[in-house]
There are 2 protein chains.
Amino acid sequence: MLTERQQQLLEFLKEYHTNNGLMPSTREIQEFFGFASQTAAVSHLRALEKKGVIQKVPGKARALVFPEQLDREEIIDVPIYGQIAAGMASETEQSNEGCLSIDIASLGVPRSAKTFALKVRGDSMIDAHIMSGDCVILELKEPRRGDIVAALIDGETTLKRYVINDGMPYLQAENELYPDLVPVRELVIQGVMVALLRRGEGMVA
Amino acid sequence: MLTERQQQLLEFLKEYHTNNGLMPSTREIQEFFGFASQTAAVSHLRALEKKGVIQKVPGKARALVFPEQLDREEIIDVPIYGQIAAGMASETEQSNEGCLSIDIASLGVPRSAKTFALKVRGDSMIDAHIMSGDCVILELKEPRRGDIVAALIDGETTLKRYVINDGMPYLQAENELYPDLVPVRELVIQGVMVALLRRGEGMVA
DNA sequence: AATTGTTGTTGTCTTTCAGTAAGCATATGA
DNA sequence: TCATATGCTTACTGAAAGACAACAACAATT
């Protein structure tokens, strides 16, 4: 549908946008492609708009938008703090190992929610269908009974189910091989699981 | 850290950006807040930049960026076509039920990959820890043995493991209660699973 | 043979827009 | 008390940037 030249232009727009967070002006496009005239860029943009791959807002500077960006939900950036059951001494230690960017609608959390992510290590939650290597997204909020939580228990963080029995909260593994973590000295809930992201093709049983 | 007025300004910037896909000019900010001067907007922006919540590119029009947007990976929009094992007559029938926007690094697919998503219905893949209600992300590519695939088999689409035995490909459920889908009349692979998104807090066992 | 789309050119015009100077009142912390 | 941050005002400048007119060569259709 797009010609080769138009494809090149679109690619430049995308690259410029991801690098700079804004759109190039027509003269910047002109310069990049070595046009002698600014009008060349303009007419190319017109062609791209006609084919629907960009939208222009007339009269405004750098006012090009990708249509898909417009009807996209708001994106939030969930920091990945590290691995669970493998450290994470305290909440403040943010060993920021990258970010997970996803739209709020798919995550299903309010816009104001404080969220973070942890990579799961171990199979203590396998019966809740949480595998080793999965990335769990947690929200900072009060847990309700039955929630899966990341908890700091006696110095170490684990992912377990939060259960209340006779008014006594404790942690339950979802694997018969693991014992419940009954009455504890200290129990600090660090986050409540709200979503899970599994990645990778080599999903061998 | 931010004053109330600065918070209002930031909120306006975000709202304007999500609505229009670009940043407001200083004069548009002025107009929105009813300032008599454009300089008021400028100095507010300067304050916001000093506090690190926005970045300005000097000399360029509408050149405000949110820092988190800059070090963000590229976002791709994965269309959700519908439910699996519940229809989807053909590949072209895109009953677009929203979109899942996520950064490519977290998805783990190349930028050029053709992807789509399906909501899982049923528990035939429960032993591969794919639950009913999960959202599987699939890529349009050739399956390799052991991959989990969405396949059109005799008119209906299902999510199964792709197995080759004696040069004969067939589909295997990951649940003892379900039979293998052995030699078939037609076997069209619609996508290979590359990721999975589980959502919702009520993750009761 | 005629029309439309692509890919350009030279020029010109006008608006948008960022940036600065200079000033003023009110808070807030050192 | 003095400096600094906040939250504005009026007035001006000049570059940045969009838009248009007119033209031209070369496809690809119709």
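Every chain is numbered from 1 and lettered A, B, ... according to where its sequence line falls, protein lines coming before strand lines.
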Which listed nucleotide ([options]) is nearest to the side chain of [X]?
X	options	value
B:Ala36	D:dT9, C:dA18, C:dT9	D:dT9
A:Gln38	D:dT6, D:dG18, C:dG19	D:dG18
B:Ala61	D:dG7, C:dC17, C:dT7	C:dC17
A:Arg27	D:dG18, D:dT6, C:dT20	D:dG18
B:Pro58	C:dG19, C:dA18, D:dT9	C:dG19
B:Thr39	D:dA11, C:dA18, C:dT6	D:dA11
B:Val42	D:dT6, D:dA17, C:dT20	C:dT20

For [N], does either OP1 or OP2 sit under 4.0 Å from a side-chain N or O belonging to [X]?
X	N	answer
B:Lys60	C:dT16	no
B:Arg5	D:dC8	yes
A:Ser43	C:dT7	no

Check every strand shown and say whether [X] touches a base, only sugar-phosphate, or nothing at a heavy-atom separation below 4.0 Å.
X	value
A:Ser25	sugar-phosphate
A:Gln6	sugar-phosphate
B:Ser37	base
A:Ala40	base

Could you give the [atom1]-to-[atom2] distance, from [X] to [N], as a whole number of Å?
X	N	atom1	atom2	value
A:Gln30	D:dA17	CD	P	12 Å
A:Lys50	C:dT6	NZ	C1'	10 Å
B:Glu31	C:dA18	CD	C1'	17 Å
B:Glu4	D:dC8	CD	P	12 Å
B:Leu22	D:dA17	CG	C1'	14 Å
B:Leu2	D:dA5	CG	P	15 Å
B:His44	C:dA18	NE2	P	16 Å
B:Lys56	C:dC17	NZ	P	14 Å

Can you confirm whether [X] sits close enough to [Y] that some side-chain heavy atom of one is under 4.5 Å from a side-chain heavy atom of the other?
X	Y	result
A:Thr157	A:Gln190	yes
B:Leu159	B:Leu118	no
A:Ile102	B:Ser106	no
A:Ile148	A:Val136	no
B:Leu196	B:Ile130	yes
A:Met23	B:Leu22	no

>> Just to verify, which of B:Thr26, B:Leu9, B:Thr3 counts as forming a side chain to side chain contact (heavy atoms under 4.5 Å, CB included) with B:His44?
In response: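 Passing option: B:Leu9.
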> What bend angle does the helix from C:dA1-D:dT30 to C:dA30-D:dT1 show across its length, from five-pair end axes and to the nearest 10 degrees?
Replying inline: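 Both end axes considered, the difference amounts to 40°.
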> Could you give the distance from CD1 (A:Ile75) to CD (B:Gln69), rounded to the nearest 0.5 Å?
Replying inline: 10.0 Å
>> Quick check for you: to the nearest 0.5 Å, what is the distance between A:Leu13 atom CG and A:His17 atom NE2?
In response: 10.0 Å
>> Around atom NZ of B:Lys114, are there more than 12 heavy atoms from other residues, nucleotides or ligands closer than 6.0 Å?
In response: no
>> Atom CD of residue position B:Glu31 - does it have more than 12 heavy atoms of other residues, nucleotides or ligands inside 6.0 Å?
In response: no
Could you run down the sub-3.5 Å N/O contacts of the protein with nucleotides 28-30 of chain C?
none

> Do NZ/NE/NH1/NH2 and the carboxylate oxygens of A:Asp103 and A:Arg72 come within less than 4.0 Å?
Replying inline: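 Here A:Asp103 does not pair with A:Arg72 in a salt bridge, since their nearest N and O are not under 4.0 Å apart.
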Polar pairs (N or O, both sides) under 3.5 Å between protein and nucleotides 26-30 of chain D?
none

> Between B:Phe33 and B:Phe12, does the ring centroid distance fall short of 6.0 Å?
Replying inline: yes
